[in-house]
Every structure is written in structure tokens, then in C-alpha cells.
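Structure, as C-alpha cells:
Both ligands and their constituent atoms are indexed starting at 1 by order of listing. Throughout, numbering of the chain's residues begins at 1 and tracks the sequence.
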Amino acid sequence: MMNLNKKNKNKNVLAIHDISCVGRCSLTVALPIISAFGVECRLLPTALLSTHTGGFIDFTYLDLTNEMKNILVAWKPLGLRFDAIYSGFMATAEQIDILKSVISDYPTLSVIDPVMADNGELYSVFDQTFVEKMKEVVPIADVLIPNLTEACLLTDTPYREKIDRDFIEDLASSLQNMGAKNIVFTGVSFTEKEIGAAVVYEDGNISFAMSEKQPDFYHGTGDIFGSVLTAELVNGKSLVEAAQIASDFVVDSIKATEATNPAADKKYGVNFESVLANRKK
Ligand code: PXL
């Protein structure tokens, strides 16, 4: 007999990201991870790309803004409800307005990753106008999950590589002055040994969800972090618990990549599949 978990209430997440066909990020990460954590994953795709934009030269890019509008109209009579909305890569400034209307039409937990930059640099497809527009999501996210580059861009703070706790506190108070509620900063590292997330609650309280630092940088780890975090929040974990599980999951995925393919090209992402396959509940 199948062992059905009676506690599973068949929760669902609406994931609003692009489909990058190759490169393990956005929906190709959110869909398998959220499902494997026992949560249905519904999709609102923002764009269709041959690969993601980080390190691939000639990629195709189909903007799905109009199709997003059609999908939302088709959903209207269905009376859908979502246990969370998890958004990431928005292809155009107009899609940020669509995101805002989805969040107001479907009141629920919103987890927003202001995807636009990493390692001190804006992704090639975005410009300063897009950065200004992205600032509008800060007050509508229940949980905002920027990396440090994105947090600096949102707050007009010069980016730096070496950071300390004061720097995180300053970024957090700037974001909260803009209306941010809870913030989970990703890619936070104060020492050679640790990397993880800084979790800042609405009341300004800070805690850290650290894991073992790995030497190499891989693409797509922010989306893996966000997917695990959102699924575990829907599963009833606290923000710090969910952030710790997500940080550990990312580190395990990097370790699995190095163990199975030490020469892996970093732009193809990490082997999260083997971590999912070996996960014990
Ligand atoms: O992982 C973030 C991401 C998502 N989607 C696309 C990207 C990136 C980062 O480069 O290019 C298309």
C-alpha cells in the first residue's frame, strides 16, 4: 500500500519565471524542486530562451508578455488560489506591472527574487531603467530574496565583494525604508569557510543560515535556493528553517556536481537532480 501522508494538503505554488531550455535555472529548476518537496508547481512563463543569458553568447529570446496576459484572462473564471507566488526573471518592465497585478488579484504569500544581476554586474539583457522599475517590487514582496548585487542596485549602494554584518544591516534598513518586509539576502559570506543567507525579519531581527563554502561559483544556485525556500515555507517551515534547508541544498548540489563531474562547465548549473533523488524526508 502506498504510504500517503495525511498531512499533505496538496498545496501549490505559482512560479513566475522564464523557461531557459538549457542551463538549469528558473522554471527548469523550480518545477522539479517544488514538486519533489511535495508541492504542486503551477507556471506563468515570462520568456522562452534557448539557454539562460549568463555566459552563453547566441541565445534565442521570446518575450511572452502577451501570452502571460492571455493566460491570466483564461484563469479568471477558474477561481484559482495559490499557497504562494514565487517570481524570478521578468523579461520586460511591463512584466513587473503584470507581477504586481497578479499579487493583488491573488492575495497569498509572495516570494520575490528581483533577478537582474550577480557578482557586481547587471545581466546583459537589462539596463538602469529596468533596475528603477524593479524597485517597485520591494514593498509588495512578503519575502524579498535578492543576492548582494541586486540588493545594492535596489538601494543605490556601491557593490563590494568584502562585506560584514554592518553592510547587511545597512542594506536591510535601506530596503525596509523602501517598504520591504522580510528579506533573505543570498550569497552572504563573511569568512572563507561559510556562505549562506542573511534572514532579516520585518521587525529588523537578523539571523543567518550558513553552510559550508565551496570554492567555485556555479550558475542557477539562486533559483535553486528560492525554489527550496518557497516550497519549505509552504510546507510550514519558519523563514530561518527554510533558508537553512535551502542553503544546505545548494551546497549539497555543488558537492554533487564536483563529485560526479569535477570538470563541469559552471554555466550548465549544478547537479541538484542527484540531491533530490537521494533526499530523505
Ligand atoms: O538564474 C537567473 C536567471 C534566470 N533566467 C535567465 C537568466 C538568469 C541569469 O543569468 O539569464 C534567462
Exercise for the section: Would you mind telling me which of K69, K133, K100 makes a salt bridge (charged side-chain N to carboxylate O under 4.0 Å, His left out) with E94? Expected result: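 Of the listed options, the one satisfying the test is K69.
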Problem - L78 atom CG: more than 12 heavy-atom contacts under 6.0 Å - result: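 Count over threshold, so yes.
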Handout entry: K255/E258 ion pair, N-O < 4.0 Å
Key =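 E258 and K255: not salt-bridged.
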Practice task
Identify whether the distance between the nearest side-chain nitrogen and carboxylate oxygen of R24 and D223 falls below 4.0 Å.
Solution key: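 Between D223 and R24 there is no salt bridge, as every charged N stays at least 4.0 Å from the carboxylate O atoms.
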Problem - CA sep, side-chain torsions, deciding dist, call: F208, F190, ring-ring contact (aromatic ring centres under 6.0 Å, His included) - result: CA-CA 11 Å; F208 295 90; F190 303 128; 5.5 Å; yes
Practice task
Walk me through it: do Y86 and H17 pass the test ring-ring contact (aromatic ring centres under 6.0 Å, His included)?
Solution key: CA-CA 8 Å; Y86 166 41; H17 300 247; 4.4 Å; yes
Below 3.5 Å only, please: the N or O atoms of ligand 1 paired with protein N or O atoms, distance on each line.
{"residue": "ligand 1", "atom": "1 (O)", "partner": "D223", "partner atom": "OD2", "Å": "2.8"}
{"residue": "ligand 1", "atom": "5 (N)", "partner": "D18", "partner atom": "OD1", "Å": "2.7"}
{"residue": "ligand 1", "atom": "10 (O)", "partner": "H219", "partner atom": "NE2", "Å": "3.1"}
{"residue": "ligand 1", "atom": "11 (O)", "partner": "T53", "partner atom": "N", "Å": "2.8"}
{"residue": "ligand 1", "atom": "11 (O)", "partner": "T53", "partner atom": "OG1", "Å": "2.7"}

